[in-house]
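Please read the structure below before turning to the comments.
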Amino acid sequence: MSIFTKIITGEIPSYKVAENDDFIAFLDINPNAKGHTLVVPKKEENKIFDLSKEEYRSLMDFSYRVAKALEKTVLCKRIGMSVIGLEVPHVHVHLIPINAMADMQFQQKVKFTNEEFVSLAKSISGNFE
Ligand code: AMP
């Protein structure tokens, strides 16, 4: 069972920003930038292009809605999107509010307190439509 499935089942906590029957979005615990969010299908699949076309399209639709909420919440030049999955073998889309190329490079990391994560997740969630 992946660490993200454990988040989905509630076994471990997350800073959730959005959820429906098929997807969940929560803040990345080791973010590149403020608002770095992961969008995850509840069905545990390793690689994004092993999803069916329909599942892939639904994941992109849900990610679009999360990105819109991020744009409304976090001051940034744009929302960057990336799929890697080398660390956690459970499909996830990284949505990252970016101001510079370095924000997409997964080297620079920013720290937040628990209270800051909670407050940010609540604000993004409030802008999710
Ligand atoms: P990758 O699989 O290379 O796309 O990276 C996995 C991402 O998941 C990294 O950015 C981690 O910081 C993030 N991550 C790992 N565990 C957790 C967790 N428990 N909650 C939130 N994000 C996590």
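Values below: every heavy atom of this structure, side chains too, minus hydrogens, waters and symmetry copies.
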>> Please give the remaining members of the hydrophobic cluster of Leu75, linking ILVMFWY side chains under 4.5 Å, ordered by chain and number.
In response: none

>> Looking at every heavy atom in both Gly35 and Leu70, which two are closest together, and how far apart are they?
In response: O-CD2, 3.3 Å

>> Among residues at least two apart in sequence or on other chains, which ones pass side-chain hydrogen bond (donor to acceptor under 3.5 Å, both in side chains) with His90?
In response: Ser2, Thr5

> How would you list all residue pairs meeting side chain to side chain donor-acceptor pair (under 3.5 Å) that involve residues 66-83, not counting sequence neighbours?
Replying inline: Lys72-Glu129, Thr73-Asn127

>> Checking the side chain of Asp28 only, and the main-chain atoms of Thr37 only, is there a donor and an acceptor separated by less than 3.5 Å?
In response: no

> Among the clusters formed by ILVMFWY side chains lying less than 4.5 Å apart, do Val74 and Phe128 turn up in the same one?
Replying inline: yes

>> Could you tell me if the side chain of Phe112 sits less than 4.5 Å from the side chain of Glu115, heavy atoms only?
In response: no

> What pairs with Ala102 under side chain to side chain contact (heavy atoms under 4.5 Å, CB included), at least two apart in sequence or on another chain?
Replying inline: Gln105, Gln108

> Is a side-chain N or O of Lys6 found less than 3.5 angstrom from the main chain of Glu11, in a donor-acceptor match?
Replying inline: no

> Side-chain heavy atoms under 4.5 angstrom apart, residues restricted to Ile, Leu, Val, Met, Phe, Trp, Tyr: same cluster for Leu86 and Val83?
Replying inline: no

> In the single-linkage hydrophobic clustering (I, L, V, M, F, W, Y; side-chain heavy atoms under 4.5 Å), do Val91 and Ile29 co-cluster?
Replying inline: yes

>> On a heavy-atom basis, which atom in Ile79 and which in Pro97 lie closest, and how many Å separate them?
In response: CD1-CA, 3.9 Å

>> Could you work out, with ring-ring contact (aromatic ring centres under 6.0 Å, His included) as the rule, every residue matching Tyr56, not counting sequence neighbours?
In response: Phe49

> How long is the gap from NE2 on His36 to CG on Asn30, to the nearest 0.5 Å?
Replying inline: 9.0 Å

>> List the residues meeting ring-ring contact (aromatic ring centres under 6.0 Å, His included) with Tyr15, not counting sequence neighbours, and say none if there are none.
In response: Phe117

> What pairs meet the salt bridge (charged side-chain N to carboxylate O under 4.0 Å, His left out) rule with one or both residues in residues 48-60, with sequence neighbours excluded?
Replying inline: Lys43-Glu55

>> Applying side chain to side chain contact (heavy atoms under 4.5 Å, CB included), can you list everything that pairs with Asp22, at least two apart in sequence or on another chain?
In response: Asn20

> How would you list, by chain and number, every residue that makes a salt bridge (Lys or Arg N to Asp or Glu O under 4.0 Å) with Glu19, sequence neighbours excluded?
Replying inline: Lys16, Lys42

> Does any non-hydrogen side-chain atom of Ser63 lie less than 4.5 Å from one of Leu59?
Replying inline: yes

> Phe23: what forms a ring-ring contact (aromatic ring centres under 6.0 Å, His included) with it, not counting sequence neighbours?
Replying inline: Phe62

> By the rule that ILVMFWY residues connect when side-chain heavy atoms come within less than 4.5 angstrom, directly or transitively, which residues belong alongside Tyr64?
Replying inline: none

> Do you know the tightest heavy-atom contact between Val66 and Ala25?
Replying inline: CG2-CB, 3.9 Å

> If you round to the nearest 0.5 Å, how far is NE2 of His94 from NE2 of His92?
Replying inline: 3.5 Å

> Would you say Asn32 and Lys109 make side-chain contact, with heavy atoms under 4.5 Å?
Replying inline: yes

>> Less than 4.5 Å apart, side chain to side chain, heavy atoms only: is that true for Met81 and Val93?
In response: yes

> Does a sphere of radius 6.0 Å around NZ in Lys122 hold more than 12 heavy atoms from other residues, nucleotides or ligands, not counting ones at 6.0 Å or beyond?
Replying inline: no

>> Could you check whether atom CE of Met104 has more than 12 heavy atoms from other residues, nucleotides or ligands sitting under 6.0 Å from it?
In response: yes

>> Is any side-chain heavy atom of Val17 closer than 4.5 Å to one of Leu120?
In response: no

> Is there a side-chain contact between Asn46 and Pro89, using heavy atoms and a 4.5 Å cut-off?
Replying inline: yes

> If you group Ile, Leu, Val, Met, Phe, Trp and Tyr by side-chain heavy-atom gaps below 4.5 Å, do Val110 and Ile96 land in one group?
Replying inline: no

> Can you list the other members of the hydrophobic cluster that holds Ile12, where links are side-chain heavy atoms under 4.5 angstrom apart?
Replying inline: Ile3, Phe4, Ile7, Ile8, Ile24, Phe26, Leu38, Val40, Val88

